[in-house]
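Presented below is the structure to which this report refers.
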Amino acid sequence: MINVTKSYLPPLEEYAKYLERIWASRWITNQGELEQELQEKLRAYLGVPHFQMVSNGTIALQIAMRALEVTGEVITTPFSYVATTTAILWEHCTPVFVDIEAKTFCLDAARIESAITDRTSAILATHVYGYPCDVEKIAAIGRRYGLKVIYDGAHAFGAKLNGLSLLHYGDMATVSFHATKPFHTIEGGGVIVHTPDLARNVGLYKSFGHIGDDYFTMGINGKMSEFHAAMGLCNLPRMADFIARRRELSRQYDAGLVDAGLEFPVKPPNIEYNYSYYPVIFPSERQVLRVKVELAKNGVNARRYFYPSLNKLPYLKGADCPVSEDIASRVLCLPLYYELDPADVNRITGIVRHACGR
Ligand SMILES: *Cc1c(COP(=O)(O)O)cnc(C)c1O
């Protein structure tokens, strides 16, 4: 079975070296030595002022909203993983969906202002597939209306805009290191922060709001264990390799699908892309479903990332977002991972082309 993604696992001996350190220290979680080491390495890798490691990308979003005191309405994208929306709901805020750009599938900055009300306190946008939101326009709107800007950068690790990590932008950005992401710590995530005060607050929130016997605020448990950090320490030095390989495989898909009558998101200039996904837009939903079935018959599991458009979640009453709904109905992500065999990419493009009548 070829899945849409396959988690990279380092050589077992390499992971075991870290396990020996854990056994020697007998310190397995709560600001352990490996977690601290990985946190600092990630901060340096991203070139950001403060990086707070957390236990997953969803708690990262919730803690970011707490730390920025987000309340009321949050303007957000309907085209993302469901956690972007549910994090808003868990924080007792109201998601207000604004439609996406037809080229990058990111929140359309030109439509934000008309959705602002006196209850709006923040914008939460996703750099979907690692494509950058219009960070400059969104920052200007944030400043003009006094709104906090948070980016869900779950797909953005390793991507750069204007030479800076994409995670550098916004009042805060969050990232996920879940097993399905190109760089993973099994479960894990982080919050990128720009001031020492906010970094301290995020650190408090992820650790029950207290340091020793001093209680500062109501926190939660967002800590990363040493076993998870060990996986990150094994995988991080391979990040450049991961991206290079994904780039090659993506180019192979590009070449194989060039005249198959498909659409693709458009990369803006000034970006160094991380090739975190390989999304394809088919001419119709019927065709997506047909291709998905044909792939499945051949042992290939492609995924409808992202479907449904989040404004259509059954437990919400979101406004219509025609662009997002259209893209969500026609998108399919093809398998893309470090160990994917180029022969399988050829096989997959063959099946897709055949199912498209080429
Ligand atoms: C994966 C993902 C998340 C959630 O991250 P977890 O680490 O699985 O909690 C949030 N937002 C987006 C866009 C994602 O793809």
Side-chain angles (χ1 to χ4, degrees), residues 57-58 60-62 64-65 70 72-117 119-135 137-138 141-142 145 147-156 166 169-170 173-176 180 263-266 268 276-277 279-282 284-285 288-289 303-333:
T58 306
L61 284 167
Q62 290 178 225
M65 277 187 267
V70 171
E73 294 175 1
V74 178
I75 290 178
T76 191
T77 176
F79 195 73
S80 183
Y81 183 57
V82 68
T84 315
T85 297
T86 53
I88 296 172
L89 295 167
W90 274 92
E91 289 307 312
H92 299 291
C93 295
T94 308
V96 174
F97 295 101
V98 163
D99 212 346
I100 58 170
E101 284 179 39
K103 281 187 177 166
T104 61
F105 308 162
C106 291
L107 183 68
D108 188 347
R111 301 179 202 246
I112 292 175
E113 283 187 89
S114 60
I116 296 173
T117 71
R119 297 192 62 229
T120 311
S121 73
I123 299 167
L124 171 55
T126 301
H127 299 301
V128 74
Y129 306 132
Y131 290 93
C133 294
D134 190 337
V135 293
K137 254 192 216 148
I138 293 176
I141 294 168
Y145 293 89
L147 307 179
K148 303 289 194 257
V149 176
I150 304 173
Y151 287 110
D152 181 342
H155 308 164
L166 199 42
Y169 296 90
T174 63
V175 63
S176 166
T180 51
E263 294 167 58
F264 301 91
V266 182
S276 50
Y277 292 83
V280 175
I281 313 299
F282 288 86
S284 68
E285 183 164 26
V288 170
L289 297 174
R303 290 291 304 273
R304 301 184 79 188
Y305 286 153
F306 291 98
Y307 175 88
S309 182
L310 297 170
N311 56 309
K312 291 293 183 191
L313 285 169
Y315 41 86
L316 282 178
K317 289 194 290 290
D320 288 349
C321 296
V323 181
S324 174
E325 288 162 37
D326 174 49
I327 298 295
S329 74
R330 297 191 289 126
V331 69
L332 197 62
C333 279

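To the nearest 0.5 angstrom, Arg111 atom CZ is 8.5 Å from Cys321 atom SG. The distance from the OG1 atom of Thr86 to the CD atom of Glu91 is 10.5 Å, given to the nearest 0.5 Å. Rounding to the nearest 0.5 angstrom, the gap separating the CZ atom in Arg330 from the CG atom in Leu289 is 13.0 Å. In this structure, the separation between OG on Ser121 and NZ on Lys148 is 8.5 Å, given to the nearest 0.5 Å. With rounding to the nearest 0.5 Å, the separation of CD1 in Ile88 from CE in Met65 is 5.5 Å. Rounding to the nearest 0.5 Å gives a distance of 15.0 Å between SG of Cys333 and OH of Tyr307.
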Q: Go through the steps for Ile281 and Val288 under the test side-chain contact (heavy atoms from CB on, under 4.5 Å), then give the verdict.
A: CA-CA 8 Å; Ile281 313 299; Val288 170; over 6 Å; no

Q. Checking side-chain contact (heavy atoms from CB on, under 4.5 Å) for the pair Tyr151/Val135: CA distance, chi angles, key distance, verdict?
A. CA-CA 9 Å; Tyr151 287 110; Val135 293; 3.6 Å; yes

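In this structure, Thr120 and Ile75 have side chains that are in contact, with non-hydrogen atoms separated by less than 4.5 Å. Between Cys106 and Pro132 there is no side-chain heavy-atom pair separated by less than 4.5 Å. By the 4.5 Å heavy-atom criterion applied to side chains, Leu310 and Thr76 are not counted as neighbours. Inter-residue side-chain proximity for Ile100 and Asp108 is flagged as unmet; no heavy-atom pair is nearer than 4.5 Å. Counting only heavy atoms from C-beta outward, the side chains of Pro95 and Leu316 approach each other to under 4.5 Å.
Checked against side chain to side chain donor-acceptor pair (under 3.5 Å), Thr104 has the following partners two or more places apart in sequence or in another chain: Glu101. For Thr84, the side chain to side chain donor-acceptor pair (under 3.5 Å) partners two or more places apart in sequence, or in a different chain, are Ser80, Asp152. Considering only residues two or more places apart in sequence or on other chains, Phe282 meets the ring pair (Phe, Tyr, Trp, His ring centres under 6.0 Å) condition with none of them. Remark: Phe105 engages Phe79 in a ring pair (Phe, Tyr, Trp, His ring centres under 6.0 Å) (not counting sequence neighbours). With sequence neighbours excluded, no residue satisfies side chain to side chain donor-acceptor pair (under 3.5 Å) with Asp99. The side chain to side chain donor-acceptor pair (under 3.5 Å) test applied to Asp320 returns no partner, not counting sequence neighbours.
Minimum interatomic distance between Thr174 and Ala64 (heavy atoms only, all atoms of both residues): CG2-CB, 4.0 Å. Nearest heavy atom pair, residue Val98 against residue Pro78, reads O-CD, 3.0 Å. Scanning all heavy atoms of the two residues, the minimum distance from Val74 to Cys93 falls at CG2-CB, 3.9 Å. In terms of heavy-atom proximity, His155 sits nearest to Tyr129 at ND1-N, 2.8 Å. In terms of heavy-atom proximity, Asn311 sits nearest to Ala319 at ND2-O, 3.0 Å. Of all heavy-atom pairs spanning Leu61 and Ala87, the tightest one is CB-CB, 3.8 Å.
Ionic pairing of Glu73 and Arg119 is present here: one or more N-O contacts between side-chain nitrogen and carboxylate oxygen are shorter than 4.0 angstrom.
Of the residues Leu124, Ile123, Val128, the one that meets the side-chain contact (heavy atoms from CB on, under 4.5 Å) test with Leu107 is Ile123.
A donor-acceptor contact shorter than 3.5 Å links the side chain of His127 to the backbone of Cys133. No donor-acceptor pair closer than 3.5 Å links the side chain of Arg304 to the backbone N or O of Val331.
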